[in-house]
Amino acid sequence: MRIIRSIRGLQVWRRKHENQAIGFVPTMGALHEGHLSLIRQARKHCSTVVVSIFVNPLQFGPAEDFSKYPRPVKSDQQLCREAGVDLLFCPSSEEFYPQDFQTSVSVSGLSLRWEGVARPTHFDGVTTVVTKLLNLVRPNQAYFGQKDYQQLLVIKKFVEDLNIDTRIVRCSTIRESDGLALSSRNRYLSESQRRLATSLSAALRHGVQSIKSGKQHARIIQREMKEIATKLAGIDIEYLAICDANNLDPLTLAKGNMVLLGAARLGDIRLIDNMLVKAPKKF
Ligand code: PAF
């Protein structure tokens, strides 16, 4: 596995691989089974697999966990090697955003709702870093987890709007056996918070089952979901919503392809999760 840290080095590498089918998995490191499943999909579809590891300062708010975000450099490199990654790109902040960096990429509508309310600068940070990465790697396919569903839609939107010639591939969320969606931030959870954290996926699962069984009124389903999520003290729900899966508009009646979105706080740790569901035919 080749490791490149400079932009110039990556550009030279890319020119030498003009005819390859490139699969790209952008990450912030602290790799877990979720990331590895993205790499495996890239490995299956593409002749050359590129992974980036870059903890992107632009997507963290001033009070967020940028400085304490986990950076297990050696074990991440080892995992990439074992997963058959061809190229690992891991630039420094100074390399990626030189001092006079002045550009921002922004998706105006989709970025402002749900996660955008709690984290107003987050998606501009994501869209800016992913634009730069896609320009550099120029992959045929780039792989993103469904776990960050709003991020996935925001990325699809700017890729479409800016005519970037990369197919964005959605990969299923990987979960622990008790339902908790894998996330690099799960390692912050104390033992008692870890037990509570499953309430979020349990609430979403209830919502999915309710819709599948024919319930239609979003307000009623959302109330039941909230009851499940908050049955145990110590978890604060920020939102639990039934939305149109294509544009994240909140729905009053279940219909079409939906995504159930959830965000919760456990102390100062924030968790997000979501599940997709299709309305049954009789709706
Ligand atoms: O999902 C992530 O890990 C990050 O938001 C991403 C897409 C790598 C951009 O920094």
Side-chain angles (χ1 to χ4, degrees), residues 5 7 10 22-39 41-42 49-61 64-73 76-77 79-80 83 85 87-93 95-97 101 103-107 110-111 114-116 118-137 139 141-159 162 164 166-174 181-188 261 263 269-274:
R5 296 174 206 281
I7 303 265
L10 181 57
I22 294 193
F24 178 44
V25 181
T27 81
M28 297 208 299
L31 303 180
H32 51 64
E33 196 46 41
H35 299 109
L36 296 179
S37 75
L38 306 183
I39 296 172
Q41 293 221 37
V49 175
V50 178
V51 170
S52 65
I53 296 183
F54 178 60
V55 185
N56 172 35
L58 292 191
Q59 69 188 78
F60 290 78
E64 292 182 13
D65 54 346
F66 174 67
S67 55
K68 75 165 194 180
Y69 197 84
R71 291 163 171 88
V73 178
D76 279 352
Q77 286 178 3
L79 286 171
C80 286
V85 171
L87 171 67
L88 179 60
F89 177 54
C90 36
S92 65
S93 259
E95 174 73 8
F96 207 73
Y97 298 123
F101 187 82
T103 303
S104 179
V105 177
S106 183
V107 175
L110 262 178
S111 293
W114 308 117
E115 281 306 282
R119 310 181 70 192
T121 57
H122 172 67
F123 285 119
D124 286 1
V126 171
T127 43
T128 302
V129 77
V130 177
T131 303
K132 273 173 70 77
L133 288 167
L134 293 180
N135 277 338
L136 285 163
V137 178
Q141 323 223 85
Y143 296 79
F144 294 87
Q146 185 196 314
K147 156 80 171 47
D148 296 299
Y149 189 77
Q150 187 173 0
Q151 166 174 286
L152 179 80
L153 289 196
V154 167
I155 289 170
K156 277 191 165 175
K157 191 77 199 103
F158 83 75
V159 164
L162 300 181
I164 296 176
T166 294
R167 191 164 84 85
I168 302 300
V169 183
R170 165 169 64 83
C171 303
S172 306
T173 303
I174 306 294
L182 295 196
S183 159
S184 303
R185 289 187 168 100
N186 288 353
R187 63 185 77 192
Y188 299 153
L261 297 176
I269 303 161
R270 222 171 149 268
L271 296 180
I272 58 170
D273 197 357
N274 68 80

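Just so we're clear, the structure is a prediction, and the values are computed from it rather than from any experiment. Read the numbers this way: they start at 1 and go in the same order the structure lists the ligands and their atoms.
- By the 6.0 Å and 45° rule, Lys68 stacks over the aromatic ring of Tyr188.
- Summary of contacts: the protein heavy atom closest to atom 7 (C) of ligand 1 is Gln151 NE2, 3.5 Å.
- Close approach of ligand 1 to Val129 (heavy-atom distance below 4.0 Å) involves ligand atoms 9 (C), 10 (O).
- Each of Thr127, Ile155, Leu162 was checked for a side chain to side chain contact (heavy atoms under 4.5 Å, CB included) with Val107, and the lone residue meeting it is Thr127.
- Residue contact check: Pro26 has heavy atoms under 4.0 Å from atoms 8 (C) of ligand 1.
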Report task. Run the numbers on His32 and Ser184 for side-chain contact (heavy atoms from CB on, under 4.5 Å), then give the verdict. Result -> CA-CA 7 Å; His32 51 64; Ser184 303; 3.7 Å; yes

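- Nearest protein heavy-atom contact of atom 9 (C) of ligand 1 is Gln59 OE1, 3.3 Å.
- Proximity of Thr27 to ligand 1, defined as any heavy-atom pair under 4.0 Å, is confined to the backbone N, CA, C and O atoms.
- With a 6.0 Å cutoff to the six-membered ring centre and a 45° limit on the axis angle, Arg71 counts as a cation-pi contact of Phe66.
- Taking the six-membered ring where the residue is Trp, Phe96 and Phe89 present tilted rings, their angle falling between 30° and 60°.
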